[in-house]
Engineer: 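Below you will find the structure I want to go over with you.
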Amino acid sequence: MLDAFVAALLLQAGYNTALVTAGAAVLGASAGAIGAFMLLRKRSLVSDAISHATLPGLALAFIVMALATGDGRFMPGLLAGAALSAGLGLVAVEWITRRTRLTEDVAIGAVLSVFFGLGIVLLTVIQAMDTGRQAGISGFLLGSTAGMLRSEAEVIAVAATLTGLAIFVLRRPLTLVCFDQEYAATQGVNVRATDLATMALVLAVTVIGLKVAGLVLIVALTILPPVAARFWTNRVERMVLIAAAIGAVAAYLGAVVSSLGPGLPTGALIVLVSFAIFLFSLVFSPLRGLLAGQMTTLALRKRVHERQGLLALARDEPIYDPLTLKVLRQAGYIRADGAATLEGRSAALAATREEALWGLYRKLFPDQALNADYHGLTPINEALPPDVVRDLEQRCNLRAA
């Protein structure tokens, strides 16, 4: 099993398996990239409605082709039916949102439930048919790449590549519309057309990924990678690239593991890998991770106790708080018996000066001080311009005189 996994991972498990895994990686990259824009636009769940709305189209396309030719498993026909059905679902969501007082989340819930229910009914009809059965579309529910034909893998790989190129070409208007629609309009961007293009790209990624991730789980490929990427950066360009990379890795690894056995659902494996990357980002990201946040909180707490302890030393006040004593002792500001060292006296004088300057700044510029994020703990020479610091020092000296 390990040898088979390594072979599939290195694209040495056969041409068909290599093509499937490479196509899945391209699909994951495209899904992660467009999902990043959907996340910033606060419309991530639209892809959920689109994915569930593909089922009746798949089923109807299967029925029509099975009755006409005796075989309903023609991939382009199934994808065309899925696209038409998903397009109708997207139009329904837009119409309900614009023409009624219902919010978008309510419209999404109504559309996906109705379309998915219709699809389940049509699957029952297919099961009762003498031709076809569900063998051609069962893999679209949870994803299945183990038995994928070469022609099917080629269609997915080419379509995913074209979708990724379209996202790259439209990256600027997509970014502008995500953050400021009015400014985008002044720059000549058609906001309505950009929104429609975004929905079209999401629809394309959803339809293309049905065979790989399945209509139930393809939505995760447009949500989890962007959410994970958000932990690592504050810049849109980097977020899109990171989301694309995470989506590619998750889809690639999921397809590799799925190829090891015919009963392994590709979509579920891709989601599990995506979720593992999300958990890693949630905990270990140095920018927004839980561990970094905890370390920042501890560092802030230490700085507060150090500042208060130094001010107490400057005023010759006794210190009783154990944590304050520990912080001052570790910094070398007090001895074991609690007496201040020379470094401690010097640091106490500097802290007194900082406190006086910050107090004067808050009095003279209350609005700026209120909106600042340093709260008086950052050295004033680092937080304020030099001319402002000099003016505060002169005012303090005049007051002292």
Side-chain angles (χ1 to χ4, degrees), residues 179 227-239 242 277-401:
F179 287 97
V227 172
R230 188 67 181 90
F231 285 103
W232 296 94
T233 182
N234 288 323
R235 298 182 62 85
V236 178
E237 300 85 355
R238 294 177 183 175
M239 178 182 170
I242 295 172
I277 298 175
F278 165 76
L279 282 182
F280 180 85
S281 303
L282 174 66
V283 177
F284 296 105
S285 168
L287 185 63
R288 295 173 176 269
L290 296 178
L291 187 60
Q294 185 65 25
M295 293 178 63
T296 301
T297 301
L298 292 176
L300 178 61
R301 184 182 179 190
K302 180 179 178 181
R303 288 166 59 190
V304 170
H305 280 268
E306 180 179 299
R307 171 60 66 86
Q308 296 303 317
L310 290 175
L311 293 177
L313 288 180
R315 294 190 292 264
D316 291 325
E317 296 176 353
I319 301 173
Y320 301 104
D321 183 71
L323 180 58
T324 303
L325 292 171
K326 180 180 179 181
V327 170
L328 294 178
R329 194 175 296 114
Q330 290 177 345
Y333 294 150
I334 61 175
R335 296 196 301 262
D337 59 358
T341 62
L342 292 177
E343 293 181 359
R345 291 294 180 187
S346 176
L349 291 176
T352 303
R353 170 185 174 275
E354 289 276 331
E355 187 70 13
L357 293 177
W358 277 122
L360 181 58
Y361 180 75
R362 295 188 189 97
K363 183 177 180 180
L364 296 175
F365 309 100
D367 294 335
Q368 293 88 328
L370 183 64
N371 295 326
D373 57 356
Y374 35 77
H375 304 298
L377 294 176
T378 302
I380 198 166
N381 293 324
E382 299 177 9
L384 301 180
D387 56 334
V388 176
V389 176
R390 286 195 297 269
D391 180 62
L392 293 174
E393 290 176 339
Q394 291 175 0
R395 289 173 181 268
C396 284
N397 291 334
L398 288 176
R399 287 190 176 188

Engineer: Side chains of L323 and R301, heavy atoms from C-beta outward: is any pair under 4.5 Å?
Structural biologist: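 Of all side-chain heavy-atom pairs linking R301 with L323, at least one is under 4.5 Å.
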Engineer: Which class fits the ring pair Y361 and W358: parallel under 30°, tilted 30 to 60°, perpendicular over 60°?
Structural biologist: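 Geometry flag for W358 against Y361: perpendicular rings.
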Engineer: I need the minimum non-hydrogen distance between F284 and L291, along with the two atoms involved.
Structural biologist: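 Of all heavy-atom pairs spanning F284 and L291, the closest is CD2-CD2, 4.0 Å.
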Engineer: Side chain to side chain contact (heavy atoms under 4.5 Å, CB included), that's the test. Do R395 and L364 meet it? Break it down for me.
Structural biologist: CA-CA 11 Å; R395 289 173 181 268; L364 296 175; 3.6 Å; yes
Engineer: Atom CG in L282, atom CD1 in I277: separation rounded to 0.5 Å?
Structural biologist: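 Answer rounded to 0.5 Å: 13.5 Å.
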Engineer: Counting neighbours of CG on L298 that are heavy atoms of other residues, nucleotides or ligands and sit closer than 6.0 Å, is the number greater than 12?
Structural biologist: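 Enclosed: over 12 neighbouring heavy atoms sit under 6.0 Å from CG of L298.
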Engineer: Any donor and acceptor pair, going by atom type alone, linking the side chain of T297 with main-chain N or O of G293 inside 3.5 Å?
Structural biologist: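 Between the backbone of G293 and the side chain of T297 there is a qualifying donor-acceptor contact (under 3.5 Å).
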Engineer: Determine the minimum heavy-atom distance between W232 and P286, stating which atoms define it.
Structural biologist: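 Result for this residue pair: CZ3-CD, 3.2 Å.
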Engineer: Quick check against the 3.5 Å criterion: does E354 have a side-chain atom that pairs as donor or acceptor with the backbone of P379?
Structural biologist: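 No.
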Engineer: Looking at R288 and T233, what are the two nearest heavy atoms and their distance?
Structural biologist: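 It is NE-O, 4.4 Å.
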Engineer: Within a 6.0 Å radius of atom CZ on R238, are there more than 12 heavy atoms belonging to other residues, nucleotides or ligands?
Structural biologist: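 It does not: R238 CZ has 12 such atoms or fewer within range.
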Engineer: Can you give me the closest heavy-atom contact between A356 and C396, atom names plus distance?
Structural biologist: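 For A356 and C396, the tightest heavy-atom pair comes out as O-SG, 4.3 Å.
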Engineer: Please examine the side chains of L384 and L357, heavy atoms only from C-beta on, and report whether any two atoms are closer than 4.5 Å.
Structural biologist: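 Counting from C-beta outward, L357 and L384 never come under 4.5 Å.
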Engineer: Among residues at least two apart in sequence or on other chains, which ones pass side-chain contact (heavy atoms from CB on, under 4.5 Å) with T341?
Structural biologist: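 side-chain contact (heavy atoms from CB on, under 4.5 Å) check on T341 returns R335, E343.
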Engineer: Look at atom CZ of R353 and say whether more than 12 heavy atoms of other residues, nucleotides or ligands are closer to it than 6.0 Å.
Structural biologist: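 Yes, enclosed.
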Engineer: I need the F278 CZ to S285 OG distance, nearest 0.5 Å.
Structural biologist: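 It comes to 11.5 Å.
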Engineer: If I take atom CG from residue L360 and atom CD from residue E355, how far apart are they, to the nearest 0.5 angstrom?
Structural biologist: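 Answer for the CG-CD pair, L360 versus E355, is 12.0 Å.
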Engineer: What's the separation between atom NZ in K302 and atom NE2 in H305, rounded to the nearest 0.5 Å?
Structural biologist: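 The NE2 atom of H305 is 12.0 Å from NZ of K302, to the nearest 0.5 Å.
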Engineer: Tabulate below the donor-acceptor pairs under 3.5 Å that side-chain atoms of residues 309-319 make, not counting sequence neighbours, or state none.
Structural biologist:
from, atom 1, to, atom 2, distance (Å)
R315, NE, E317, OE2, 3.0
D316, OD1, R345, NH1, 3.1

Engineer: I need the L392 CG to F365 CZ distance, nearest 0.5 Å.
Structural biologist: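 Reported value, rounded in 0.5 Å steps: 6.5 Å.
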Engineer: If you round to the nearest 0.5 Å, how far is CZ of R329 from CG of D337?
Structural biologist: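 That separation rounds to 9.0 Å.
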